[in-house]
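Each remark here refers to the structure printed beneath this line.
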Amino acid sequence: MDLQTIQNHPSFKQLASERARLGLGMSIVMAATYFAYILTVAFWPRLLGLPLWSGTVISWGVVIGVALIALGFLLTAIYVLRANSRFDLLSQHLLEDLR
């Protein structure tokens, strides 16, 4: 089995395309939210320094920072679910077609 045969197979092209689109989309979402947070820290630090309610020491910046970490875990879970369902199915079809 040669590499060119695999690369020209429609199932491989579909698998590679779907993986790239999902990965790129999730990377853009994570990078955009992270840089929005960093830019807010740089240009509007008072906004993130506001307490959640009066008398608390927890600020909005801490909550949003934890939410960013949670977003990373969520995006990872979504990718794993997609990889274990759709991508594995496409891989199986590819392997069956190439046998």
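All residue numbers refer to positions in the sequence shown, counting from 1. Please read all numbers here as calculations on a predicted model, not as lab measurements.
- When hydrophobic side chains of Ile, Leu, Val, Met, Phe, Trp and Tyr are connected at separations under 4.5 Å, Leu24 ends up clustered with Ile28.
- Phe12 contributes atom CZ, which lies 11.0 Å from atom OG of Ser17 (distance to the nearest 0.5 angstrom).
- The CG atom of Leu50 sits 14.0 Å away from the CH2 atom of Trp44 when rounded to the nearest 0.5 Å.
- Each of Leu74, Leu81, Thr76, Val80 was scored for a side chain to side chain contact (heavy atoms under 4.5 Å, CB included) with Ile78, with one residue passing: Leu74.
- Between Leu22 and Arg82, the shortest heavy-atom distance links the atoms CD2-CG, 3.5 Å.
- The 12-atom threshold is exceeded at CG of Leu52, counting heavy atoms of other residues, nucleotides or ligands nearer than 6.0 Å.
- Following chains of ILVMFWY side-chain contacts shorter than 4.5 Å, one can reach Met26 starting from Leu71, so the two form part of one hydrophobic cluster.
- Counting only heavy atoms from C-beta outward, the side chains of Tyr79 and Arg19 approach each other to under 4.5 Å.
- Taking 4.5 Å as the limit, some side-chain heavy atom of Leu48 sits within range of a side-chain heavy atom of Tyr37.
- Phe73 and Met30 are members of different hydrophobic clusters when ILVMFWY side chains are connected at heavy-atom separations under 4.5 Å.
- To the nearest 0.5 Å, the span separating NE2 on His9 from CG on Leu98 amounts to 5.0 Å.
- Of all heavy-atom pairs between Leu15 and Leu90, the closest is CA-CD1, 3.9 Å.
- Using a 4.5 Å heavy-atom threshold, the side chains of Leu47 and Trp60 count as separate.
- Once rounded to the nearest 0.5 Å, the distance linking CG of Asp2 with CD of Gln7 reads 9.0 Å.
- A 4.5 Å side-chain heavy-atom check between Gln92 and Leu95 finds every atom pair outside the cut-off.
- The distance from the OG1 atom of Thr33 to the CD1 atom of Ile64 is 11.0 Å, given to the nearest 0.5 Å.
- Side-chain N/O atoms of Gln14 and Glu18 include a donor and acceptor closer than 3.5 Å.
- The shortest side-chain heavy-atom distance between Trp53 and Thr56 falls under the 4.5 Å cut-off.
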